J.: 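One structure follows; several queries about it will come next.
Naming convention: chains lettered A, B, ... in sequence-line order (proteins, then strands); numbering from 1 in each chain. Since this is a predicted model, take the numbers as computed values, not measurements.
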Amino acid sequence: MDLTLSSADIAFRDMIRGEIASMVPEDIKTRVENLQHLRKEDYMRWQSILDVRGWATPAWPVEFGGPGWSPMQRVLFEEACFMAGAPRQIPHINMIGPVLQTFGTEDQKHRYLPGIPTLRDWWCQGYSEPGSGSDLASLRTKAVRHGDRYIINGQKIWTTWAHWSNHMFCLVRTSDAGRPQEGITFLLLTMDTPGLTVRPIHSLDGAHDVNEVFFEDVSVPVENVVLGENQGWKVAKFLLNAERTEIAGVGQSKRMLQFARRLLAELTNAGVSSSRLDVFRSRIARIAIDLKAHEWTLMRVIDAKPDDPKAPSASFLKLCGTDLLERVSTLLMDLGGPAGLAYDVDARNGNVDGTPPYGHVLNGTAATYFEYRKSGLVGGTTEIQKNIIYRETVSRWAAQ
Amino acid sequence: MDLTLSSADIAFRDMIRGEIASMVPEDIKTRVENLQHLRKEDYMRWQSILDVRGWATPAWPVEFGGPGWSPMQRVLFEEACFMAGAPRQIPHINMIGPVLQTFGTEDQKHRYLPGIPTLRDWWCQGYSEPGSGSDLASLRTKAVRHGDRYIINGQKIWTTWAHWSNHMFCLVRTSDAGRPQEGITFLLLTMDTPGLTVRPIHSLDGAHDVNEVFFEDVSVPVENVVLGENQGWKVAKFLLNAERTEIAGVGQSKRMLQFARRLLAELTNAGVSSSRLDVFRSRIARIAIDLKAHEWTLMRVIDAKPDDPKAPSASFLKLCGTDLLERVSTLLMDLGGPAGLAYDVDARNGNVDGTPPYGHVLNGTAATYFEYRKSGLVGGTTEIQKNIIYRETVSRWAAQ
Amino acid sequence: MNFDLSDDQRALVDTVERFARSAAAKRQSTSPVGAASEDAVLRWEQMVELGVAALLIGENNGGVGLGAAEAVLVSEALGQSLAQEPFVTAGVLAPKLLELSTSDGLREKYLRGVAEGRVRIALASDESVHEFDLFSVSTRAEVQNDRIVVTGRKELVVDGAMATHFAITARDANGLNLFLVAAVQPGVMVTPVRGLDGGWMARIELECVEAEGPLFREAAGLDGLECAVDHATVAICGEALGLMNRMIALTASYLQTRHQFGKAIGTFQALQHRFAEMVTLAEQARSGTLMAAAALASEDAEVRKADVSAAKSLVGRNGRAVLEGAIQLHGGIGITDEYELSRYIRRMIEIEKTWGDVSYHEARFARVTDSR
Amino acid sequence: MNFDLSDDQRALVDTVERFARSAAAKRQSTSPVGAASEDAVLRWEQMVELGVAALLIGENNGGVGLGAAEAVLVSEALGQSLAQEPFVTAGVLAPKLLELSTSDGLREKYLRGVAEGRVRIALASDESVHEFDLFSVSTRAEVQNDRIVVTGRKELVVDGAMATHFAITARDANGLNLFLVAAVQPGVMVTPVRGLDGGWMARIELECVEAEGPLFREAAGLDGLECAVDHATVAICGEALGLMNRMIALTASYLQTRHQFGKAIGTFQALQHRFAEMVTLAEQARSGTLMAAAALASEDAEVRKADVSAAKSLVGRNGRAVLEGAIQLHGGIGITDEYELSRYIRRMIEIEKTWGDVSYHEARFARVTDSR
C-alpha cells in the first residue's frame, strides 16, 4: 500500500490542468457552472476541441486513437475538466467504444469507431422497456431473423438523448429458450431506420432528456450483431463494468458542491442571516467530507485487481454516488430558499437566451433537486445495488 | 372533529398537576431527573403514595379499585407525572391487571389483583425465548399436563425485572397441533416455584434489568391458566393492545428531552462555544417538534374507534416512538461531549451514593444512548412494525 | 377532543371533494401565465358558489364562523385534486387579516366583498427572495397631500396575479404596518412569475401608489399580520396532507400492480418498508397539522407560533420524504411529467417554500420555545 | 498510488494480528482501574518486543521509519481484537511529538526510551470536559529558582494512568507550549478515571511540579502539537476500521445462522439492505482514513488538518451507524454485555469521543476548507 501520487502522475496532473483550463469556451463554461442543461452543439463543440489534442476518448487505447491513459490519468483528466468548467463527457463514448473494440468485427470497428470522438455519431442505449426496469433480463423487444436481417418489434423507454442520436445499441430478445438472459442479443442500428419512432418524455424538471423508442417491423442486417446471437448479456455485463467510474458521479457531485459554495457566498453577500447560513455551511462540510472519501473509494476501485474479492465493487460506488447526488442536489434546493419557488424551464433548458426571474443560479436550484431524483433509479436502483452488495459480501464477512 | 380540550378535562388537568407535583419524594425526583436507574424500593414507594389517592392503577376501572379514568384523563395524569419528576409506571400494572379483569376467574381476580397497585406483587412477563424473538409464536417452552398440574420445561429470555418479581405471567406451549399460535397457553406462576431459576443479563450500559429464566420440571396448578388451554395467543393480543399507550414512549422521550435542555443550559454556562451549541439547539427543536406531533398521534390512537380502518394503529406509535427514543438518547450522548468518555456504572445504577467523576448528569449521557439501543428491538422490532403497517395499509390506500 | 368528522364536516368535505375532482377545478401547470391567473379567478368564483369564501369569517361579520379544523379539511380535500389555490389566500389569509384588523372602517368596507368573492386580496409582504421574513420591510408609506402613498417592491406574492387588491407591508412614521392598495391603478406594476408547478405568483412594484390604511393600530399590527399568516400556513399544511394522501395512494396501487422478477414489486420487503415509512410520516404530519389548527385558537401567541411552526416544518420535512419515497417506489415513471405524481411532487415543494421553509420554521420554533 | 499490501506490510499485519488475537493482549473492560493500567503496561511491553514501539520513529532517530499507512494497518489489526491501547499514545503520539519537537536535547534524552518502551509519555492537554480544544489552556509554566514549574489540572488524559511522563500543555511568558513532567514526583496527583469500555484515562493535577521544556520554539509549537495529535487521530481511525470489520463479521454470521419464521434472518431483504449499508459505510470510512494517512505526509498543514478531520468525523459518524446496524440486526443479544459485540460498540464510542468528536471535526474541516 502506497498512498502517494507518483511523480509521473503529478507531472501529468499539472500538465493536464493547465491545458484543459485554457481550452474550455467561455459560453459553455458559464452554462456548465450555472447548472443549465447543455445543448447538443455544446457537447459536440467540446468533444471536437478535445479531439484536436487526442483527448476526446480518454478510456480508449492508443491503437484505436485514444490517449492510452492509465486509470489514474483518467481520474486526473476528469478532475482537470471539472476544475476548468468543462462539460461532463457523454458516457456513451466510453461505453460503446470499448464494446466495439473488444467484441466488434473489423468491419464494425472500421465503420463505427471514427464517428464517436467528435460525436458526429451520437449513440444512445436501448435497454429498459416499460415492463423491464430493474428486471432487465425480462425484456421483450423481439428481433426475429428473416434471412440476413432481423425484424424488430417492441418498445424501449428512458432512452437518453435518443432524439439527438443517429445510432443506437440495444438489447433485443432473439430466443425464449433457457434462462431469460440467454436469449438476448446486442444489436446496432441507425435511428433513421424505417419503423423506428422516437417520442419525447419530459421529466419532473421540465427537461427533455429521455424518450420512448418504438419499433415497428424495423429491419436490421445481421452483421449489426455484436459478438453473436444470444450473446448480448455478456456484452451488457462488460458495459456495466466500463460504466464503473462514470457511475460514481464524482464530477457531477463536485460541480453541484462548487455551485452550492458559490450560492452560499452570494447569499452571505445578500445579507441572509448567519443562523440560516451556518446550517448550510455544516451541510456543505459534511457533503464535502463524504465526497472526498468517495473519490478515494473510486481510486480504490480503479486500482483493484478484477478478481480481488476484498476490493469494493462498483455497487458501492453507485450507492455512495447516488447518496451524494441526492444530498447535494437537495442542499441546492434548500439554499435556493423562497427564490426557488420561481422556475423558468426554458432558461434552464438553454432554449432561450433570456435571464430567468432571479437569475440562472437561483433558477437552477429546485430544478436540480428534481433532476437528481433520478439518481437512485438509473443504472440499477438503490435497492438492486443493496441486494448485490449483500450477495457479494455476506459470506466473505461471515467467514472472518 | 373538535380539537379543543373539554372544560372538564381542563379542570382535571389543573387538579392532577397540582396534586402530583406535591406528592413526589425529592430523592426519587432527583434520580428520575438525572436519568439514573431507579431502585425497586423507589418504584414501590411511589406506587404506595399513589395508592393512597387511588391513582396507582390509572387504567383500571372503578369496580376493581381503579380511578376509572378516560383515556384522555390517563394522558393528562401521565403528563402531570412527567412534569413532577415522578417515576414512570411499571408497565405491567396496566397489563396484567386488565388481563385478569377481562379473562381471569373470580378466584384469580381475588387472589392476584390486590397485590398489584402497591407492587407488593411484582409481575414479570415471560414471552421471548432464545429461539423465538420476532417470531414469538414459535416459542417452545413446554407445559405438559399431568392431572391437575402442568410441568413446565424450557427457557425464557429478556425477562425484565424477573429478579425483582414474585409473579410471572408467561406463554407456554401446550400443543403442537395446528398453527403455532393455536397451541399456546397463558399461565400464571410464582417465582419461588421449585425448578425455576433466574440468571441476570447485563446490558451494554452495565445495567441489570433483564434476565434469563430457566424452567426445569416447574409444576403449576391448572387453575393458573388464564382463559383456557391453547387460548393464550388471544390473551397475548389483548395485552398488546393494552400496551398501546405505553409503547409510544412519550414520557421517556419527554424526560430525556427535558434532560437535554438542562444539559444545554449547563454547557452554555460552562462556556462551550456557541457554534457547537447551536447545532444541538437545532436538534433539540426538531426532536421537540416530532415529539409534539407524536403526542397528538397518541391522542388520535386513543380516540379512535377500535374498528376504524383509517385510524393510525399502534404500530405507528411504536415506530415513531422508537425513532424519538433513539434520536433523543443519541442527542444526549453527543451533548455529553468528551465527558461522556468517563462512565461510572455503579453510580448510574444507584448502587452507590457517590458522585461519578463529572457528576450524575454527564455520567448519564453515553449510558442513556446505550440503554435506548433496545428501543427498536423490544415490543416487536422496527422491521416487524413496518411489515405490519404495510399489511394494514397498502390495500386501503390502493383503493383510494 | 375528538377526531371523527361531524356530519356537517363530512358534508362539507364531500362537497369540496366533488368540486375538486371536477376537471374545471384543476390547476394546469402548463397554462401560460396570463391564462393561469384567469383560471384562478374562475376557480375562485366557483368556490364562492360552494360557500367556501365565507366559511371562516365570523358570524358577527356575516360569515359561517367555522374554524381552523374546517380550513384544514377543505384545503386537504382541494389539495387531493390539486385544486387548492386560491382558497388559502382568498378564503383564509385575506378574511383573517381583515377580521384581525383594528380598523373597523376597512373591515366593513372590504369584508363583505371578500366573502362574496368580488374582492380578492393578496398579501404582498416579502422583499427578499433569499429568506422568508415578514418583518424585513423597506417599503415606505407616507402622507402626501392628505393621502397615504406607498412605494416599494414586493416579491413572490402568492396569487398576486389574480388579486384585485394587495395588502402591503410598509413602514410609516410609527413603524411597520399594513395598507390596502387597489391592483389596477397608476403606479402599480404586476409581473407574473411562473412557479415550480406553474403557480401564479407575482412581483409587485409600487411607485407612489395611493393606499388605504393602516390596518392596525401600532403594536397590534405585527401580531395580527403574523396570526393571519399562521392561519394561512396551517391551511397549506392541510393542502399538503391532501397531496401526501394522493402520493401514497398512487404508490400503493403501483406496488400492487407493477411486476418485476415475476411478482408484484409490493412483495419486496425493502419496498414495503419504504411504503410503511411514507404512511407513518404522513400520519405524523397530520398529527402536527391538527395540533397547529388547535393552537390557532390559543390566546397565547407563543403557543400559536410554536405549534404552527412545528406543523409547517414537519409537513415540509415529511412531505419531502413522502415524495422521495413515491419516486423511488415508482421508478422512472415517478419522475415523468406526464404522470399525475409529478404535479403533486412539484406542488409539495411549492408549499414547502411558501411562508417559511423547514429551516425558517424550526428556527422560529426554537426561538419561541427556548425560553419556556 | 496502490492499495495492495506489500509483502513487508502483509508480514507486519500478520505478526500484529497474531499478537492481538492472543488472550494476553486483550483489554478487559471489567478490570479494576489499577489493574487495568498494569495490564496496559504489560501489553505495551509485549508490543515493544514485536518492534511496534519504534515503527514510526524516523531512521535518523534510530527507528524503523515507517509511515502513517503502516500505523493505520497496525491499529486496525490491534483494534480487530480490542488490543489497541496503548499503541496509539505510546507508539504514535509520543514519538511524533518528540520528533516534531524543536528541542534537540529533549528529543535525544527521551526518544530512545520511548522506542525501547521504557518511557511512556501521555499527552495531557484537555482542561474542559465539555468540548475538545487543544488550545484552551490555563495551566501555567513559570520559572522559579531557575527551574520551570507547572501548575494546573488536566482531564481525560488518554493512557494517563500508565504513563511515566506527561507532555503538558501550558502557557509561559511567550504563550502556549509543551513541557515534560515525570509522573512520579511530589505535586503530581494522578486519578484514574474509568472509561465507557473500562479504558484507563486519568485526571492529572499538578501543583508547582518540576518540568522540562519547552518542547517547541514559540509559534512552531502549536502546529507541532496539532500535527502529533493528527497522527494519533488517524491511528485511532485505523483502530475503528478494525472494530467495524469485527462488528460486520459478527453480524454476517448472525444473519446466516439465526433463524426466525422458519428461515435464516439473512433472507429478509430489509435485513440484507441494512447489512449492505453497514458494509458500505465501513468502506467509506476506510477510504477516508487512507486519505487522511496520505495527507499526514503533506507539507501543507491545511491539507493535513482538512483530511484528518474529514476522516475522524467520517469514522465517528459511520462507525456509529455500523454499530447501530449491528445491534438492530442482532436483536437482544446485540445489547448484551456478555456477547463480544458489546465491547466493540463501547470502544467505538470511546474512539468517537477521543481527540474531537464528529461535531468538532466537521467544524474544523469547514474552518480549514471554507477559505479555499
Side-chain angles (χ1 to χ4, degrees), chain A residues 128 130-138 157-158 201-208 210 263 266-267 270-273 275-277 279-280 326 330 333-346 356-358 362 366-367 369-374 376-378 381-384 386-387, chain C residues 29-30 126 128-133 136 155-156 158 191-199 201 203 258-262 265 268 270-271 274 320 323-324 327-339 341-343 345-346 349-350 352-360 362-363 366-367:
Chain A
S128 293
S132 306
S134 288
D135 183 12
L136 182 61
S138 72
I157 197 167
W158 319 126
I201 299 176
H202 285 88
S203 305
L204 212 44
D205 61 339
H208 170 207
V210 297
L263 196 45
E266 286 186 19
L267 296 176
V272 172
S273 62
S275 61
R276 183 175 171 91
L277 295 183
V279 177
F280 291 126
E326 288 180 348
T330 301
M333 181 166 73
D334 294 344
L335 268 169
L341 276 167
Y343 180 44
D344 183 337
V345 61
D346 293 324
Y358 304 114
L362 287 167
Y369 170 78
F370 290 135
E371 181 181 350
Y372 281 95
R373 286 320 96 194
K374 72 184 172 196
L377 308 173
V378 299
T381 64
T382 296
E383 288 77 15
I384 295 285
K386 288 181 184 171
N387 290 348
Chain C
S29 69
T30 46
D126 299 8
S128 163
V129 299
H130 299 303
E131 183 174 28
F132 176 69
D133 186 350
S136 169
E155 300 285 359
L156 298 169
V158 181
T191 316
V193 172
R194 184 178 180 162
L196 282 179
D197 189 45
M201 289 159 302
R203 167 184 294 169
R258 167 81 173 173
H259 283 65
Q260 288 286 274
F261 303 105
I265 59 172
F268 291 99
L271 307 197
R274 186 87 185 245
R320 202 190 283 187
L323 80 84
E324 290 175 359
I327 290 174
Q328 190 65 30
L329 296 183
H330 272 87
I333 188 77
I335 49 171
T336 301
D337 189 53
E338 264 179 41
Y339 181 60
L341 182 63
S342 70
R343 301 287 315 280
I345 291 170
R346 288 191 300 252
I349 297 294
E350 280 188 359
E352 191 193 313
K353 286 180 174 288
T354 301
W355 299 320
D357 58 12
V358 175
S359 162
Y360 169 85
E362 284 183 353
R367 210 162 51 233

J.: Distance from A:Asp346 atom CG to C:Arg194 atom CZ, nearest 0.5 Å?
T.: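 It is 6.5 Å, given to the nearest 0.5 Å.
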J.: Evaluate the side-chain contact (heavy atoms from CB on, under 4.5 Å) criterion for residues A:Thr330 and C:Arg320: first the C-alpha distance (whole Å), next the side-chain angles of each, then the deciding distance (0.1 Å), finally the verdict.
T.: CA-CA 10 Å; A:Thr330 301; C:Arg320 202 190 283 187; 2.8 Å; yes
J.: What part of A:Ile157 lies closer than 4.5 angstrom to a heavy atom of chain C: side chain, backbone, both or neither?
T.: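 Neither part.
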J.: Under the criterion side-chain contact (heavy atoms from CB on, under 4.5 Å), I'd like the reasoning laid out for A:Leu341 against C:Thr354: C-alpha separation, chi angles, the key distance, then a yes or no.
T.: CA-CA 8 Å; A:Leu341 276 167; C:Thr354 301; 3.9 Å; yes
J.: Locate the shortest heavy-atom distance separating A:Arg276 from C:Tyr360; write the atom from each residue and the value.
T.: NH1-N, 4.1 Å
J.: For chain C, find which of A:Ser138, A:Gly340, A:Ala137, A:Gly271 contributes the most heavy-atom pairs closer than 4.5 angstrom.
T.: A:Gly340
J.: Write down the atom of C:Gln328, the atom of A:Gly376, and the distance for their closest heavy-atom approach.
T.: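 Shortest heavy-atom separation between C:Gln328 and A:Gly376 comes out as NE2-O, 3.0 Å.
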J.: Go through the atoms of A:Ser128 and report whether side chain, backbone, both or neither lie under 4.5 Å from a heavy atom of chain C.
T.: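 Neither part.
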J.: Dump the intermediate steps for side-chain contact (heavy atoms from CB on, under 4.5 Å) on A:Tyr372 and C:Ile335, then the final yes or no.
T.: CA-CA 10 Å; A:Tyr372 281 95; C:Ile335 49 171; over 6 Å; no
J.: Between CZ of A:Phe370 and OG of C:Ser342, what distance do you get to the nearest 0.5 Å?
T.: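 OG of C:Ser342 is found 9.5 Å from CZ of A:Phe370.
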J.: Do you know the tightest heavy-atom contact between C:Leu156 and A:Pro338?
T.: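 That would be CD1-O, 3.5 Å.
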J.: Counting C-beta onward and ignoring hydrogens, is there a side-chain heavy-atom pair between A:Met333 and C:Lys353 closer than 4.5 Å?
T.: yes
J.: Please classify the contact of A:Tyr369 with chain C as side chain, backbone, both or neither, using a heavy-atom distance under 4.5 Å.
T.: side chain
J.: Measure from the side-chain N and O atoms of A:Glu383 to the backbone N and O of C:Leu271, and report whether any donor-acceptor pair falls under 3.5 Å.
T.: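 A pair under 3.5 Å: no.
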J.: Minimum heavy-atom separation for A:Leu377 to C:Gly332, with atom names?
T.: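 Residues A:Leu377 and C:Gly332, closest heavy atoms: CD1-N, 3.9 Å.
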J.: Any side-chain to backbone donor/acceptor pair from C:Glu350 onto A:Ala342? Under 3.5 Å, distance only.
T.: no
J.: To check you understand the geometry: which heavy-atom pair defines the closest contact between C:Asp357 and A:Asp334, and what is its length?
T.: OD2-O, 4.4 Å
J.: Heavy-atom distances under 4.5 Å only: say whether A:Ser134 touches chain C with side chain, backbone, both or neither.
T.: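 Looking at A:Ser134, backbone and side chain both touch chain C.
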J.: Are any non-hydrogen side-chain atoms of A:Leu267 and C:Glu131 less than 4.5 angstrom apart?
T.: no
J.: Could you tell me which of A:Ala270, A:Gly336, A:Ala339 has the largest number of non-hydrogen atom pairs under 4.5 Å with chain C?
T.: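 Answer, by heavy-atom pair count under 4.5 Å with chain C: A:Ala339.
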J.: Which atoms of C:Leu323 come close to chain A, meaning under 4.5 Å heavy atom to heavy atom: side chain ones, backbone ones, both, or neither?
T.: side chain
J.: Where does C:His330 contact chain A at under 4.5 Å (heavy atoms): side chain, backbone, both or neither?
T.: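 The answer is neither part of C:His330.
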J.: If I measure from the heavy atoms of chain C, does A:Val272 come under 4.5 Å with its side chain, its backbone, both, or neither?
T.: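 It is both, since atoms from each part get that close.
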J.: Where do C:His130 and A:Tyr358 land on the side-chain contact (heavy atoms from CB on, under 4.5 Å) test, with the steps shown first?
T.: CA-CA 10 Å; C:His130 299 303; A:Tyr358 304 114; over 6 Å; no
J.: Here's one to test your reading of the geometry: is the NZ or CZ of C:Arg346 within 45 degrees of the ring axis of A:Tyr343 and under 6.0 Å from its centre?
T.: no
J.: What are the two closest non-hydrogen atoms of C:Leu196 and A:Ala366, and how far apart are they?
T.: CD2-CB, 3.6 Å
J.: Is chain C contacted by the side chain of A:Ile201, its backbone, both, or neither, given a heavy-atom distance below 4.5 Å?
T.: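 Just its side chain gets close to chain C.
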J.: For A:Pro130, is it the side chain, the backbone, both, or neither that has a heavy atom closer than 4.5 Å to a heavy atom of chain C?
T.: backbone
J.: Picking from C:His259, C:Glu324, C:Glu352, which has the most non-hydrogen pairs under 4.5 angstrom with chain A?
T.: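 If we count pairs closer than 4.5 Å to chain A, C:Glu324 comes out on top.
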